[in-house]
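Let me begin by presenting the structure, written as structure tokens, before commenting on it.
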Amino acid sequence: MEHWCRISEFRCRRLEFRPVFPKRGANLDEAGIPMRLSQYFMPILRDDPKEAEIVSHKLMLRTGMIRQEAAGSYSWLPMGYKVLRKIEQIVREEQNRAGAIEVLMPTIQPADLWRKSGRYDAYGKEMLRIKDRHDRDMLFGPTNEEMITDIFRQGVQSYKDMPRNLYHIQWKFRDEVRPRFGVMRGREFLMKDAYSFDISREAGQHSYNKMFVSYLRTFARMGLKAVPMRAETGPIGGDDSHEFLILAETGESGVFFDKDFFDMDWSAFDIDYDDVGAVAKVVQDFTSKYAATDEKHDAAEFEKRVPEGRRLSGRGIEVGHIFFFGTKYSEPLGCVVQGPDGKMVTVQSGSYGIGVSRLVGGIIEASHDDAGIIWPEPVAPFRIGLINLKAGDADTDAACNNIYKALEAKGIDVLYDDRDERAGAKFGTMDLIGLPWQVIIGPRGLKDGIAEVKNRKTGERSNVALDQIVSRFTA
RNA sequence: CGGAGUGUAGCGCAGUCUGGUAGCGCACCUGCUUCGGGAGCAGGGGGUCGGAGGUUCGAAUCCUCUCACUCCGACCA
């Protein structure tokens, strides 16, 4: 139990962590879709549904983000879907920045492809097998190595067309024996998976390193410090592998790591991805310190390398996993290209996953309090919750409408609680859904021309003149 | 897949042992009074009791079968 206390000290610090990157290119998909709560679909529950065991699952159900349709399978209701899409967009932007190219492969795959790789029989009952009307064997894809390798092989025959990294963000299905913890371990889940193809071992390592750095950036932008840990390559195999874990008491893995991770400069990886040395150095910095999941943990080594005062242990949620395969898959699948000397070369490959839907739950696990969710701004469903304390009062309505329209005009995501509810209910709801900022307008402040601005995370409140509200959020 | 449970109104539950045709809290609707941290009073709507079969004059309740979901274990992004 003792290590929990130690971890929780760091939880506070972790939550203060702020994304350090300028937003190059706004989230065009998601920019400012303001909404009046009286017209929204957000079925709030006052009580915890009994099937939910962990806090993120409870909160997602209570805030009407998701609805369970079957074991491990969920509908994403408007607010949950908005968060999911924001996370997805951050992942997409950082993949693109690292030079990966987006594709989209089908959810349903032909079994033949998997028979060729030998995994059709090997994959076991986790693979959902289906037959089409012609009685052909199909499957709902649990992953896409076979398909992407086939795509790459068909499209590339020469070293001149390399390196390439192709990724997609698509729903996967793994028929888990026992799904649990809501979207953290569903059967159907949204995943980003990328696949790199290189001509040499060294080039392949650089591709791996680029993904490593892009993962640090991706999670940092979501307000998370995801600690990279050397991982078992497991049944997927390969030469090199790291998992990225965020700390949470409900994590599925025990983790042991050096406190230094929290003191490192998490902004130092805003670098040129073509600079092989610089990329390698970041990876070096982040892999030189001790960090391991319980599978790989070596107590003796931990004690040898990390002074007692810096040893941290706790539990973690895996949000990303990267593998370098070498020729493990390309060789049996005959994925070869012609090199500059005319000889055929077996491609070096790697694969890189991020659990997009899992991150929604993971972020809540890492960022909440007794009152509800505390969204990090970059993934919040709305940036501001505007509270009308006296809906129906002409002056209050007018003031709120003005602010709402002004924020809307600036493209700011705002959820306007214009319901005819009591103040307490509105505060409770707003705290529960955890929007980063609350703008509170009532007759009391209105007399003096002010609104109250509250920060959900710190609880800090300040009075702001009505005509300063918009500039407060656009500066 | 082994073990343990649970299915009754949108959510949380009682009623089942001991059969007599369904109830409580929250939520929801109407009215009045309230109104800056989940109000009060009055009135009201909503349930094939997971499903099928059986026993019985009569089944939420007893019997048989079945489906779904949850938890513990093994497994996983």
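Quick note on labels: first sequence line is chain A, next is B, and so on, each numbered from 1.
- Residue-level contact check: A:Gly442 touches the bases, meaning some heavy atom is under 4.0 Å from a base atom.
- For the P atoms, the distance linking B:rG50 with B:rG15 amounts to 14 Å, nearest Å.
- Residue A:Glu126 places its side chain closer to B:rC75 than to any other of B:rC75, B:rC69, B:rC11.
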Hey, mind stepping through A:Glu94 and A:Arg97 against salt bridge (charged side-chain N to carboxylate O under 4.0 Å, His left out) and telling me if it holds?
-> CA-CA 5 Å; A:Glu94 292 302 327; A:Arg97 193 192 305 274; 3.3 Å; yes
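- Residue-environment remark: CD (A:Glu69) exceeds the threshold of 12 foreign heavy atoms within 6.0 Å.
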Could you please spell out the steps behind the side-chain hydrogen bond (donor to acceptor under 3.5 Å, both in side chains) verdict for A:Ser207 and A:Asp198?
-> CA-CA 8 Å; A:Ser207 291; A:Asp198 284 276; 2.6 Å; yes
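- A residue-by-residue look at A:Ala425 and A:Arg178 shows that A:Ala425 has its nearest nucleotide of RNA chain B further toward the 5' end.
- Pairing for B:rU55 is absent, with no Watson-Crick or G-U wobble pair whose two atom distances lie under 3.5 Å.
- In this structure, CZ of A:Arg187 is placed 11 Å from C1' of B:rC69, rounded to the nearest angstrom.
- Taking atom C1' on both nucleotides, B:rG45 is separated from B:rG5 by 34 Å, rounded to a whole Å.
- Separating the CG atom of A:Asp370 from the C1' atom of B:rG38 is a distance of 16 Å, rounded to the nearest angstrom.
- If you check B:rC75 for Watson-Crick or wobble pairing at under 3.5 angstrom, you find it has no partner at all.
- Separating the CZ atom of A:Phe189 from the P atom of B:rC75 is a distance of 18 Å, rounded to the nearest angstrom.
- Evaluation of atom-type donor-acceptor distances gives no pair under 3.5 Å for the side chain of A:Arg174 against the base of B:rC75.
- Among the protein residues, A:Gly320 comes within range of no part of the nucleic acid, since none of its heavy atoms lies under 4.0 Å from any strand.
- Atom pair A:Lys58:NZ and B:rC71:C1' shows a separation of 13 Å (rounding to whole Å applied).
- Taking 4.0 angstrom as the limit, A:Gln68 places a side-chain polar atom (N or O) nearer than this to OP1 or OP2 of B:rU70.
- Residue contacts shown for A:Gly186 include a base, since a base heavy atom lies under 4.0 Å away.
- Using a 30° and 60° split on the angle between ring planes, A:His57 and A:Tyr74 fall in the perpendicular class, above 60°.
- Toward the 5′ end of RNA chain B lies the nearest nucleotide of A:Arg444, the other residue of the pair A:Ala70 and A:Arg444 mapping further downstream.
- Of the side-chain N and O atoms in A:Arg67, none sit less than 4.0 angstrom from OP1 or OP2 of B:rG10.
- Each of B:rG36, B:rC76, B:rU70 was ranked by its minimum atom distance to the side chain of A:Glu252; first place goes to B:rC76.
- For B:rG19, there is no paired base (Watson-Crick or G-U wobble, both distances below 3.5 Å).
- Between the P atom of B:rU6 and the CD atom of A:Glu53 lies a distance of 16 Å, rounded to the nearest Å.
- Rounded to whole Å, the C1' atom of B:rA9 lies 24 Å from the corresponding atom of B:rG31.
- Across all strands shown, B:rG12 forms a Watson-Crick or G-U wobble pair, both distances under 3.5 Å, with B:rC24.
- Residues A:Leu312 and A:Phe261 fail the side-chain proximity criterion, which asks for heavy atoms closer than 4.5 Å.
- In this structure B:rG43 sits in a base pair with B:rC29, meeting the Watson-Crick or G-U test at under 3.5 Å.
- Aromatic ring orientation, A:Tyr123 versus A:Trp114: perpendicular (interplanar angle above 60°, classes split at 30° and 60°).
- Here the P atom of nucleotide B:rC11 and the NZ atom of A:Lys50 are 10 Å apart, to the nearest Å.
- For A:Glu421 and B:rG38, a side-chain-to-base donor-acceptor distance below 3.5 Å is absent, hydrogens and geometry of angles not being considered.
- Side-chain atoms of A:Arg461 come within donor-acceptor range of the base of B:rG37, with a qualifying N/O pair under 3.5 Å.
- At a threshold of 4.0 angstrom between heavy atoms, the contacts of A:Ser357 with the nucleic acid are absent.
- B:rA4: Watson-Crick or G-U partner is B:rU70, with both key distances under 3.5 Å.
- Looking at A:Arg180, its side chain has no donor and acceptor atom pair within 3.5 Å of the base of B:rU70.
- Within the nucleic acid shown, A:Glu51 comes within 4.0 Å of sugar-phosphate atoms alone, with no base atom in reach, counting heavy atoms only.
- At a cut-off of 3.5 angstrom, counting only N and O atoms as typed in the model, there is no donor on one side facing an acceptor on the other between the side-chain of A:Arg46 and the base of B:rA27.
- Put simply, CZ on A:Arg422 is 14 Å from P on B:rU33, counting in whole angstrom units.
- At whole-Å resolution of the value, CD in A:Glu176 and C1' in B:rC69 are 17 Å apart.
- The shortest distance between side-chain heavy atoms of A:Val414 and A:Tyr404 falls below 4.5 Å.
- Taking the C1' atom of each, B:rG54 and B:rU61 are spaced 15 Å apart, rounded to whole Å.
- With both ends at atom C1', the span from B:rA59 to B:rC17 equals 15 Å, rounded to whole Å.
- A stacking contact between A:Phe427 and B:rG36 is absent: the pair does not combine a ring-centre distance of less than 5.5 Å to the base's six-membered ring with planes differing by less than 30°.
- At the heavy-atom level, A:Asp48 lies under 4.0 Å from the strands shown only through sugar-phosphate atoms.
- Qualifying side chain to side chain contact (heavy atoms under 4.5 Å, CB included) partners for A:Arg115, counting only residues two or more places apart in sequence or in other chains: A:Ala111, A:Asp112, A:Tyr120, A:Asp137.
- Atom P of B:rC63 sits at a distance of 10 Å from the matching atom of B:rU18, rounded to the whole Å.
- As judged by a 4.0 angstrom heavy-atom cut-off over every strand, A:Lys192 is placed among residues making no nucleic acid contact.
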